[in-house]
Amino acid sequence: MKAINTAVFAAALAGTLAAFASETLDLVPYPQEVKVLGGTYTAKSVDDLWPKAIRDPSLPKEGYRLTVDGTNGVSIACSGREGFMRALATLTQLGKSADGGKAEVFPCCEINDWPAFAWRGILFDDCRHFFGKEAVKKTLDAMARHKMNVFHWHLTEDQAWRLDIPKYPELVKYGAVRPESQNPECLGLPKMDGKPYGPYYYTESDVKEILAHAENLGIRVIPEIELPGHAVAAIAAYPELCCRGKLERRAPWCMWGVSDDIFCAGNDKTIKFLEDVIDYVTDLFPDAVVHIGGDEAPKGRWKECPKCQARIKALGLKNEAELQGWMVKHFTEYLAKKGKRAIGWDEITECNPPTATMIMCWRGANHGIAAAKKGHDVVMCPTSHCYMDYPQDADHKAKGYGKPAWAPVLSLEKVYTLDPLAGIPSEYHKHILGTQGNMWSEHILTPAEHEWKLWPRAAALAEIGWSGPGKHDFKDFKRRVDADMKRMEDEGWNVCR
Ligand code: ACM
Ligand code: ZN
C-alpha cells in the first residue's frame, strides 16, 4: 500500500510540476527564463507595489531579474536604468486589476531576462504627416511596454523639415508647411487636395521634452537628417543648396515618391549647411548615432551640374555614385570627430562607405548580409517584414483606415517570421545589431491611425528583437499578443484587433 501511495503521490507531483513548467505568462516579448511558482501576490497600494530594487553590476545593460513572491512582493535586480525599465515593462504586463481597480494581482514567478539584440526600434516619420509631441510620447510609452529601445525620428524630407534650427530660420518658415498634398487615397494620376498642411515643427524645447521622456523610459532617440536626397523642403528654404539653384515653387514637394531635386554635392555652401545642421543636432541629441539618410538619391541633377562635375574631377572620382560615397565618408568622419557614428540606408553600400558607417538594410535582407560580411554594423529592417505602413491584413479597410493596395499586405504572422540572422555566417552575427519597424506616413493621417498600424505588428518585431527569432511559435505568440492588445486597448491605445 505504502509503495503504491508513494507512486501515486510522485505521479501527482510530477503532473503538478509539469503544469507549472508548461504554464506561460501573458508577456510580450516573452522573457528568456520564466519560472511560474504558483499562487499570487496582491498589491493594494502603490507602496505595496513599489519594487525592492538592487543593483547587480554583473547583469547586462538591459537585463534584469524579477521575483514576485506571495509574501514579500516584488523585487528587481538590474545593473542600471535600462534594466530597471525593462523589468517594469514586465511588471506592467503581469498585473491584473482586481477588487474594482483597488488592487492589482500578480502571479508569483521568477524571471531572468535579457535581450537577444541591442537594437529594437521604431522609425517614426513625422514629415509626410505630422503627429506631434503627445503622439511621440505615447509611441515611446507603447515601445517601453514592449522593451523596444530605439526611436528613429525621421525629421527631414522632401515633404517637410520639422526641426527648428535657429541659425537657419527659413527651414521651418518654408520647409514646415506644404501648400497642398497629394491625396493619400490617390494612386494613379496624382490629385492634390488643395489644403495647406502646417506649419508643423519642433522647437528645441519640444525636442528636449521628448528626449527627457525617452530617457526616463530607457529609449535612445536617433535623429535622421536625410542627405543628399529627400531634401526638397530644405531646398525650398535655401534654393542655392540644389544644383539648379531654384525650384518651380519655393515650397516642400507636395507629391509622394522620389524627387529629382537633391542637395548639390559640388557646392561648398551645401556642405557647410549640412555641417551646421549636424553641429546643432549632435549638440541637442545625446545619442552616439545620427542617421544621415542616403536612400533614393537620383543622380540626374548631379550629371548636369557644373559644380558637382567639378567636384568629381577635382577628387578624381569615377562617377556620381562615387560623389555620394565622398559625401557619406565626409559626414561619417565629421560625426566621428564629435565622437558620434553615422548610419545610412543600404543604398550607400553601393558607394563604398567607410566600414565605420552603420547600415540600415531596407530593400532586402541580401543588402544587409553583404554589408555585414564587409564588416558594417547593420540594422535589419527589410520591407519584406518591417514596413509597418504596408497594409496589415485582409481586414485593412476596418475602421475606415483602408487605402488603396499600394503595397503588399504584411500580416502579423509574416512579421513574426523575421530572422535578422538568416543567411548570415556566424562569424558576422556580431554585426547584426537588431531590427526595427519602419512607419512611413504618406498614407497615415492621424495619431490614431498611426497606433492602429503599429500595434500589434510592432509587438511581433519587439519579440523577435528581445526574445530572439524562432524562440516561440506563432500560435503561442498570438495568444499572448491578443491579451496584450486587449490590455492596451483598455488603457486607451487604438490597436488593430
Ligand atoms: C526607404 O524606405 N526609402 C528607406
Ligand atoms: Zn550640383
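Just follow the structure's listing: the first ligand is 1, and inside any ligand the first atom is 1. Since the structure is predicted, the reported quantities are computational estimates derived from the model, not experimental observations.
When K486, K478, R480 are each tested for a side chain to side chain donor-acceptor pair (under 3.5 Å) with D482, only one passes: K478. Of the candidates I235, V232, L155, T156, T156 is the only one forming a side-chain contact (heavy atoms from CB on, under 4.5 Å) with W161.
Taking only nitrogen or oxygen atoms, main chain and side chain alike, H230 does not reach within less than 3.5 Å of ligand 1. Some N or O of Y387 is nearer than 3.5 Å to an N or O of ligand 1, by distance alone. Close N/O approach between E296 and ligand 1 is found [any backbone or side-chain N/O within under 3.5 Å].
Near the Zn ion (ligand 2), less than 2.8 Å away, sit the protein N, O or S atoms C243 SG, C264 SG, C305 SG, C308 SG.
Residue contact check: W440 has heavy atoms under 4.0 Å from atoms 1 (C), 2 (O), 4 (C) of ligand 1.
Protein heavy atom at the shortest distance from atom 3 (N) of ligand 1 is D295 OD2, 2.7 Å.
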Please determine whether side-chain contact (heavy atoms from CB on, under 4.5 Å) holds for the pair H129 and Y197, giving the CA-CA distance in whole Å, both sets of side-chain angles, and the decisive distance to 0.1 Å.
CA-CA 9 Å; H129 286 95; Y197 188 79; 3.5 Å; yes
Under the side chain to side chain donor-acceptor pair (under 3.5 Å) criterion, do W345 and E224 qualify, and how do the steps go?
CA-CA 11 Å; W345 296 109; E224 181 174 358; 2.8 Å; yes
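In summary, the aromatic rings of F130 and Y202 are positioned with their centroids under 6.0 Å apart. A ring-centre distance under 6.0 Å is not found for Y416 and H472. Under the 6.0 Å cut-off for aromatic ring centres, W440 and H154 qualify, their centroids lying closer than that.
Residues passing the salt bridge (charged side-chain N to carboxylate O under 4.0 Å, His left out) test with K313: none are found, sequence neighbours excluded.
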